[in-house]
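The structure under discussion appears below in the form of structure tokens.
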Amino acid sequence: MKAIASTTYGGPDVLRELDLTTPEAGPGEVRIRVHAAAVNPTDALLRAGAYAARTTDVPPPYVPGMDAAGVIDQLGPGADGRLGVGQRVVALVVPTGPRGAYAEQIVVPAESVVPAPAGTDHAEASTLLMNAATARLALDTLALPKGATVAVTGAAGAVGGYTVELAKADGLTVVADAAPHDRDLVRGFGADHVVDRGADVAARVRELVPDGVPGLVDGSDQREEAVPAVADGGALVALRGWRGPAERGVTVTPVFVASVRGDTALLDTLRLQAEEGVLSLRVAKVLPASDAAEAHRLLEAGGLRGRLVLDFS
């Protein structure tokens, strides 16, 4: 089968099209014929070697990708009875060595697979799970009561946009940041208040909420710059592993989407919310899988609204 992989860490050009052995579904697993794989920032981090210390015992090739959409073509023994051969699905993939989403066929635990949202194509469907599950995990970590105010940085991005939409569905008031050209986009997600993005975003949040917000999801990875927006004793959720420190009793909690890869109920709820229009699936551009290096260059150049998607059809 065709896969996009690297045998070393480095820049986008280390990605190559390789022929790998077709995997077989084992107990409790399903095999998916992948038609689309979303390109996420974590894919670029994996390619560059940011996670190398965690996988010193895993030999190359390294296949990136945490978001796949396609059709089940094999069920392993004891695979979940929810799923069937020929079913359109999406999967949250945790890449380890050759097991990443950038491949024509992937094997994943059945618990990490749910039906594709009705009315979506493969490219759209592939943009859902990783980013929406991260947003859901962030909000669940904050555990703010209905009616409370949450701030979201990086609100025009994939995780940020989903966080705004899910927060509104939870009954929260949302203060979100945006560049001038993204204000209408972020308001469209449901943000109650939009402030200018940038290094002084915390001061702008405080202009609206003088005592600070009880919770903040740091989608733009601003870390210390974002902390002053949080009220004394409040909480900040970090998406890139940052753990603080923070002052004034503010707690900093990093979240990792792999922790919910087996939470089928959570993943399926996100699928239903996409079907209901609570979550907006955004595709920036679809590229042939063979153009994965270019996709990574575009990703790292920034400014994307929506996800790049690799086409394995």
Side-chain angles (χ1 to χ4, degrees), residues 1-5 12 15 17 30-44 46-47 63-73 83 86-95 100-106 108 112-136 156-162 165-166 185 188-189 257 261 267-268 270-313:
M1 66 163 190
K2 178 175 71 176
I4 303 301
L15 294 173
E17 187 174 307
V30 301
R31 188 175 68 195
I32 300 171
R33 170 59 173 94
V34 175
H35 290 279
V39 178
N40 291 292
T42 190
D43 304 348
L46 184 150
R47 183 213 74 226
V63 178
M66 295 190 71
D67 265 321
V71 177
I72 292 175
D73 69 0
L83 306 169
Q87 185 175 11
R88 289 186 65 244
V89 292
V90 288
L92 178 57
V93 184
V94 177
Y102 291 11
E104 287 182 320
Q105 289 172 296
I106 62 172
V108 291
S112 301
V113 179
V114 296
T120 63
D121 59 29
H122 291 302
E124 292 167 336
S126 75
T127 66
L128 173 64
L129 286 186
M130 181 193 165
N131 295 288
T134 301
R136 181 71 269 162
V159 174
Y162 284 146
E165 292 180 322
L166 289 173
L185 174 69
F189 296 147
V257 72
R261 62 180 170 177
L267 301 180
D268 202 47
L270 297 172
R271 183 264 303 183
L272 290 170
Q273 288 180 303
E275 290 183 351
E276 295 164 356
V278 173
L279 294 172
S280 305
L281 306 184
R282 295 183 290 152
V283 176
K285 186 177 182 180
V286 179
L287 296 91
S290 57
D291 287 348
E294 174 63 12
H296 276 229
R297 283 189 286 269
L298 291 171
L299 177 71
E300 293 181 335
L304 295 170
R305 294 298 172 255
R307 281 287 176 240
L308 297 165
V309 175
L310 300 179
D311 182 4
F312 284 88
S313 297

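From a predicted model like this one, the values you see are computed outputs, not experimental measurements.
- In terms of heavy-atom proximity, Leu281 sits nearest to Ala274 at CD2-CB, 4.3 Å.
- The distance from atom CE of Met130 to atom CG of Leu267, rounded to the nearest 0.5 Å, is 12.5 Å.
- For the residue pair Ser313 / Asp311, a side-chain donor-acceptor distance below 3.5 Å is found, with atom types taken as modelled.
- Using a 4.5 Å heavy-atom cutoff, the side chains of Leu15 and Pro64 are in contact.
- The line from CG of Leu298 to CG of Leu287 is 6.5 Å long, rounded to the nearest 0.5 Å.
- Residues Pro115 and Arg88 fail the side-chain proximity criterion, which asks for heavy atoms closer than 4.5 Å.
- Side-chain contact between Glu275 and Thr120 is absent, with no heavy atoms from C-beta onward closer than 4.5 Å.
- Here the side chains of Val257 and Leu92 are in contact, with some heavy-atom distance below 4.5 Å.
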Criterion side chain to side chain contact (heavy atoms under 4.5 Å, CB included) on Val39 and Tyr102, from CA distance to verdict:
CA-CA 9 Å; Val39 178; Tyr102 291 11; 3.5 Å; yes
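- Distance CD1/Ile32 to OG/Ser112: 9.0 Å, rounded to 0.5 Å.
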Test side chain to side chain contact (heavy atoms under 4.5 Å, CB included) on Ile106 and Arg31; report intermediate values, then the result.
CA-CA 6 Å; Ile106 62 172; Arg31 188 175 68 195; over 6 Å; no
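- In this structure, Glu300 pairs ionically with Arg47, as a charged nitrogen and a carboxylate oxygen lie closer than 4.0 Å.
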Walk me through whether Thr134 and Met66 qualify under side chain to side chain contact (heavy atoms under 4.5 Å, CB included).
CA-CA 12 Å; Thr134 301; Met66 295 190 71; over 6 Å; no
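- Scanning all heavy atoms of the two residues, the minimum distance from Ala125 to Val90 falls at O-CG1, 3.4 Å.
- Going from atom CD1 of Ile4 over to atom CD of Glu104 covers 9.0 Å, rounded to the nearest 0.5 Å.
- Side-chain contact between Leu270 and Leu166: present, with at least one pair of heavy atoms (C-beta onward) separated by less than 4.5 Å.
- In summary, of the residues considered (Thr127, Asp67, Asn131), a side chain to side chain donor-acceptor pair (under 3.5 Å) with Arg307 occurs for Asn131 alone.
- With rounding to the nearest 0.5 angstrom, the CZ atom of Arg282 is 7.5 Å from the OH atom of Tyr162.
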Could you go step by step and tell me if Glu124 and Val309 meet the side chain to side chain contact (heavy atoms under 4.5 Å, CB included) rule?
CA-CA 9 Å; Glu124 292 167 336; Val309 175; over 6 Å; no
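- Of all non-hydrogen atoms in Val108 and Ala91, the two that sit nearest each other are CG2-CB, 4.2 Å.
- A donor-acceptor contact shorter than 3.5 Å links the side chain of Asp121 to the backbone of Ala123.
- Within the 4.5 Å cutoff, the side chain of Arg33 has heavy atoms near those of the Phe312 side chain.
- Between the CG atom in Asp291 and the NZ atom in Lys285 there is a gap of 8.5 Å [rounded to 0.5 Å].
- In this structure, the side chains of Leu308 and Leu304 come closer than 4.5 Å at one or more pairs of heavy atoms.
- Between Pro12 and Leu299, every side-chain heavy-atom pair lies at or beyond the 4.5 Å cut-off.
- Between Arg271 and Leu128, the closest heavy-atom pair is CA-CD2, 3.9 Å.
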